[in-house]
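Written out below as structure tokens is the structure these notes cover.
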Amino acid sequence: MSISIAIDGPAGAGKSTVARTVAGRLGYIYVDTGAMYRAMGLFFVRKGIDPADWEAMGEACKEADISIVYQDGEQQVLLGGENVTGLLRTEEAGKMASAISGCAAVREKLVDLQRKLAASENVVMDGRDIGTVVLPEADLKIYLTASTKTRAKRRFLELTEKGIPCNIKEIEKDIEERDYQDMHREISPLRRAEDAVLLDSSDMTAEEVTARILELHEELN
Ligand code: DC
């Protein structure tokens with residue numbers, strides 16, 4: 001039986017950094033499910049489908065050919081065989097992913113892909129519904145959060161470091177909107193699974209969060 005660690009939480013809580021490091025230390029694969037929703041959003045943009053038209057999305061997503069491969073341990077997302085990984089980390093892609101993630105047919109398709117990955121490999125998987133819907137039997141569940149202010153500040157520093165002009169108030173507003181959208185959608189909204197360990201990273205470094213998860217993983221044995 002393969003082992004799975006589920007990490008859920010709102011945008012900007014540090015899930016991907018921590019999940020990637022934990023996976024690397026344990027020799028598990030890191031599955032970034034947000035990237036799959038982002039790739040599906042890109043597919044709809046390219047097809048000219050309105051993200052508010054769920055019926056059209058439901059139909060079109062049947063044709064979307066999204067697959068995951070690993071290169072030097074890093075997840076790569078292929079859309080129709082094209083590696084689109086480098087196009088997915090923008091704010092626009094994130095907003096688009098959040099908008100289309102309420103579509104039942106989209107979720108069904110991506111959840112199926114996620115479960116297949118977890119069935120064949122030891123995984124650290126991060127997202128919004130991993131502990132609640134995708135892998136309810138995960139060996140370890142973490143709900144990683146941080147205050148809105150902390151998350152906005154981290155994002156601001158990250159963008160500033162890359163030389164991308166940005167405004168912290170706008171980032172904060174975007175984060176609040178995305179949280180609202182992810183927590184209030186009808187299907188699989190973001191919420192903490194009852195058996196998930198709550199970690200608030202507002203006053204913790206990524207290394208401290210990583211160490212805590214590794215400790216919890218040790219306790220499994
Ligand atoms: O984790 P992220 O920022 O890359 O995710 C982008 C959006 O995709 C997020 O705002 C909501 C959606 N998403 C989801 O609905 N379920 C997941 N398991 C992962 C992401």
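Every number for a ligand or one of its atoms is a count from 1 in the order of the listing. Any value given below was found using the heavy atoms of this structure, including those in side chains, with hydrogens, waters and symmetry copies removed. Just so you know, these numbers come straight off a predicted model, no measurement behind them.
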query: Cut-off 3.5 Å, side chains only: do Arg25 and Thr210 have a donor facing an acceptor?
result: no
- prompt: Is there a donor-acceptor contact under 3.5 Å linking the side chains of Ser16 and Arg89?
  reply: no
- request: Nearest heavy atom to atom 7 (C) of ligand 1 wins, so pick from Ala97, Gly9, Ser188.
  value: Ala97
- prompt: So between Arg38, Lys15, Arg107, Met125, whose heavy atom ends up nearest atom 14 (C) of ligand 1?
  reply: Arg107
- prompt: Could you give all pairs that pass the side-chain hydrogen bond (donor to acceptor under 3.5 Å, both in side chains) test and reach residues 2-11, with sequence neighbours left out?
  reply: none
- line: Residue pairs passing the side-chain hydrogen bond (donor to acceptor under 3.5 Å, both in side chains) test with at least one member in residues 34-51, sequence neighbours excluded, are Tyr37-Arg107, Arg46-Glu82, Lys47-Glu63
Distance from [atom] to nearest protein heavy atom, with residue and atom:
{"atom": "atom 11 (C) of ligand 1", "result": "Asp182 OD1, 3.5 Å"}
{"atom": "atom 1 (O) of ligand 1", "result": "Arg128 NH1, 2.9 Å"}
{"atom": "atom 13 (N) of ligand 1", "result": "Tyr37 CD1, 3.7 Å"}
{"atom": "atom 19 (C) of ligand 1", "result": "Thr33 OG1, 3.3 Å"}

field: Val77 versus Ala39, closest heavy-atom pair with distance
entry: CG1-CB, 3.6 Å
field: For ligand 1, the portion of Arg178 having any non-hydrogen atom under 4.0 Å away
entry: side chain
message: Check for me whether Arg185 has a heavy atom closer than 4.0 Å to any atom of ligand 1.
response: yes
- prompt: Does some non-hydrogen atom of Met40 fall short of 4.0 Å from ligand 1?
  reply: no
query: Under 3.5 Å, is there a donor-acceptor pair between the side chain of Asn122 and the main chain of Tyr28?
result: no
field: Distance filter under 4.0 Å to Arg89 heavy atoms, resulting ligand 1 atoms
entry: 4 (O)
query: Relative to the heavy atoms of Ser101, which atoms of ligand 1 are at a distance of less than 4.0 Å?
result: 11 (C), 12 (C), 15 (O)
query: Above 12 or not: heavy atoms from other molecules or residues under 6.0 Å from CD of Glu55?
result: no
query: Testing Ile142, Leu144, Thr145 for side-chain contact (heavy atoms from CB on, under 4.5 Å) with Leu198, which one passes?
result: Thr145
